[in-house]
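Here is the structure we will look at, set down as structure tokens.
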Amino acid sequence: MNEVSSHVPAWSFGLSTAIFTIFGLHLWISWKGARRGLFLLIAVGGSALWALAALLSWQFPGVASWSFAALLDAGCQAAWIAFLFSLLAQDSGVLPSALARVRRCVLAVVALRAALEALTAAGIATPSTAAIVLAVASAVAGLVAIEQVFRNFPLESRWGIKPLCLGLAAAFFFDLYVFADALLYRRMDPQLWSARGIAHALTVPLVAISAARSRDWDFRIALSRDAVFHSTSLALAGGFLLAVAAVGYWVRYFGGEWGRVLQTTLLFCGLLVVGIAMFSGAVRARLKVLLAKHLFRYRYDYREEWLAVTQALMSTGSSVDLPAAVIRVLADLVESPGGLLWMRDRSGAFVCRGHLNHAPIDASEPADSAFAAYLTARGWIVDLEQLRSRPSLYDGLCLPAWLAEAPDAWLIVPLANSEEVVGFLVLLTARARIDIDWEVLDLLKTAARQALVHLAREQAIEALLEAQKFDSFNKMSAFVVHDLKNLVAQLQLMLRNADRHVGNPEFQQDMIATVRHVEERMTSLMKQLQEKRSIDPRRPMDMLEVAQKIARAKRHQSGQIRIGGEAGAAVMVHPERFERIVGHLVQNALDASNGDGIVILDIHSGNEDVGIEVRDDGIGMSRQFIRERLFKPFQTTKDAGMGIGAYEAFQYVSELGGRIDVESEPGRGTRMTVWLPRALGVERAISVAVAS
């Protein structure tokens, strides 16, 4: 046996050592202290040590190294058999009497082999046929143990240990073949012995599957579905290549003249199969369903599915159709190609809001229809195939007439919150046949609730935007009404003075100018309301010029207006709007002065800001009024006031990046200063224009 000069044994047992070591470390890290898990750890660790000893026996040949490897081999077999019987033991570790006797017999055979190998390793005994006979007997004992464990295991739990029993049975059967061959020919076949390492290592995936399925072993082991899917695809591809190789080998020796034809045909078939597997969604869907049925306890990896659903819904932006994205997310869960989404409209009826791989249906479902009432009362997912075969399960369900326009309809998934059904999905028939069980229904319901959250958020955003538009329009209307009130006040003042000054040419000119100004302002306000935006563009203005315009507009009112400051202090404002809010502050100052006071407009020029001060000696305001009511809408102390002017002034100045400073005391007047950022770039041009 040691005469074989080949690297195959080194690679075989070296790879086996690495695989068992890595698997053992993973088990040790994920082990939670269960007794059965300890037996498995010992068995895997023993296998790693045996593979290492076998590797060393090839590197350092001799009776002692070979016997030591055989001793570890016997110990490894004993550990696996002990682990198998531990699966049947009760919590106390006691087996039924019949199984206990079988275990004693099996372990006795293995122990006898181990004793003989120990004596050989110590030099007390010499290698003999008895050792090979005991090796055959120990392999048979292992097969007996597997048969006893599998037959006596609870029927409902055999699914968990089936991969383990299959893998160990294959390993023990291979050992039986190797040792039986050695017993028959009186020598160990080096090629068969070299294959033992890789043969035992191939059982590790089956043991891992059983460890993941059996929770009472207390290992936190999870198999990735993507890894299983791709590894299965790789195994199928490998099997296909082996089949092609076998046929090629046969053609090589027996093909004759038609061998080339068969070779070309096989190549074409191989490329065709690969192309179908790569580009056919139905084939991939059937493969996933097949793997889910036979390799996993649960059909879905809920963590992966939940993350995928959340990511798909969160990635929808303004450029993505959210209803179509919702349909795609739920359809992908059951391999459906698409569907239709129905949501409530403003009247409460259900209308088609989205579609995917199906033409939209121009129909509505009344909120009080029998179909809508059924979804609201039951909240069930309706399987139309099941409905046709077993209508008694859906007693009281009346399908709508528009459903006839979707002949491929398969599932109806309601979108319901805690109070009512706000929509539903109609999914099309799946690419591959899927059994709709409780797991599929629960996953669809959970995903539907998550999708409803995003749909409700989109509806809330649309409602908020609509409300903001109305709020902006209402706010603009309030400002316009306030301006109209001031314009009406100008007309009223002109009419009161008309009887006394109607023959005065100067008054007539002022009256015409006032009427023209009112007409221009009212036309401007009407355009502003119609276009729902300001039609007053922003441009630089000299603060002193603003003060002078306001003083001229108020010259017919009682009270005096005095202006101070120098020209050249410019700010970027909307001229009409800025004049309006400053004019409102001046009007408030005139009203507070009871018609006989003095209102001073003073321009202050700082390094970065420009201020226009409005100061009066009127009744003043308390600090509480300034803090709590002055700049809030609809707060006023005037009998005919609206409480909008100061609020508009504060809002507008804040929009421009400025501020309003207020100083006031009851009975001692008020000082209000509007500060705005200085328009440095245009002041020189304004100064030149004023100087010229």
Side-chain angles (χ1 to χ4, degrees), residues 1 4 8-9 12-13 15-16 19-20 40 43-44 46-51 53-55 57-58 66-85 87 99 101-118 120 127-153 161-207 210:
M1 184 167 50
V4 176
V8 174
S12 177
F13 288 107
L15 184 61
S16 180
I19 291 176
F20 277 110
L40 180 58
V44 173
S47 297
L49 292 176
W50 161 75
L55 174 63
S57 70
W58 280 97
W66 166 255
S67 299
F68 182 70
L71 175 62
L72 289 178
D73 186 10
C76 177
Q77 288 181 336
W80 281 111
I81 292 172
F83 168 64
L84 285 171
F85 281 108
L87 299 179
L99 286 176
R101 288 193 296 271
V102 174
R103 182 180 63 177
R104 286 194 295 268
C105 294
V106 169
L107 292 179
V109 173
V110 179
L112 184 60
R113 181 197 173 195
L116 181 59
E117 299 293 352
T120 304
S128 62
T129 305
I132 300 178
V133 173
L134 289 176
V136 173
S138 64
V140 173
L143 292 174
V144 171
I146 294 172
E147 185 269 338
Q148 289 293 319
V149 169
F150 187 79
R151 188 168 59 178
N152 289 279
F153 211 77
I161 68 164
K162 188 181 295 184
L164 170 71
C165 293
L166 179 62
L168 293 183
F172 278 112
F173 186 81
F174 185 79
D175 289 348
L176 177 62
Y177 172 69
V178 171
F179 291 117
D181 181 84
L183 182 62
L184 180 63
Y185 293 100
R186 303 289 180 172
R187 64 185 296 271
M188 184 68 67
D189 187 333
Q191 301 298 331
L192 292 178
W193 179 260
S194 301
R196 282 195 75 201
I198 193 63
H200 281 248
L202 289 175
T203 63
V204 168
L206 297 173
V207 177
S210 287

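Keep in mind it's a predicted model, so treat the numbers as computed, not measured.
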Nearest heavy-atom contact between Ile19 and Ala201 is CD1-CB, 3.7 Å

Between the CG atom in Leu143 and the CD1 atom in Ile81, the distance rounded to the nearest 0.5 Å is 9.0 Å

The reported gap from CH2 in Trp193 to OG in Ser12 (rounded to nearest 0.5 angstrom) is 10.5 Å

Ring pair (Phe, Tyr, Trp, His ring centres under 6.0 Å) filter on Trp80, not counting sequence neighbours, yields none

Using modelled atom types only, decide if a donor and an acceptor are shared between the side chain of Thr203 and the backbone of Leu168 within a distance under 3.5 Å. no

Applying side chain to side chain contact (heavy atoms under 4.5 Å, CB included) to Leu192 and not counting sequence neighbours gives Tyr177, Val178, Asp181, Asp189

query = What class does the angle between the rings of Phe13 and Trp50 fall in, given that below 30° is parallel, 30 to 60° is tilted and above 60° is perpendicular?
reply = perpendicular

Check your understanding: Going by heavy atoms in the side chains, are Lys162 and Leu166 under 4.5 Å from each other?
Key -> no

Heavy-atom closest pair (Phe150 atom, Cys165 atom, distance to 0.1 Å) is CD1-SG, 4.0 Å

TODO: State, yes or no, whether a side-chain contact exists between Leu84 and Ile161 at a heavy-atom distance under 4.5 Å.
DONE: no

Checklist line | Check: Ser57 side chain, Ala54 main-chain N or O, donor-acceptor pair, under 3.5 Å | finding: yes

Under 3.5 Å, side-chain donor or acceptor atoms of residues 130-139 against the rest of the protein: list the pairs with distances, not counting sequence neighbours.
residue : atom : partner : partner atom : Å
Ser138  : OG   : Gln77   : OE1          : 2.9
Ser138  : OG   : Leu134  : O            : 3.3
Ser138  : OG   : Ala135  : O            : 2.7

The reported gap from CZ in Phe20 to OG in Ser47 (rounded to nearest 0.5 angstrom) is 4.0 Å

For residues 169-178, the salt bridge (charged side-chain N to carboxylate O under 4.0 Å, His left out) pairs (sequence neighbours left out) are Asp175-Arg196

To the nearest 0.5 Å, atom CZ of Phe173 lies from atom CD1 of Ile146 at 12.0 Å

CG of Leu40 to CG of Leu87, rounded to nearest 0.5 Å, is 8.5 Å

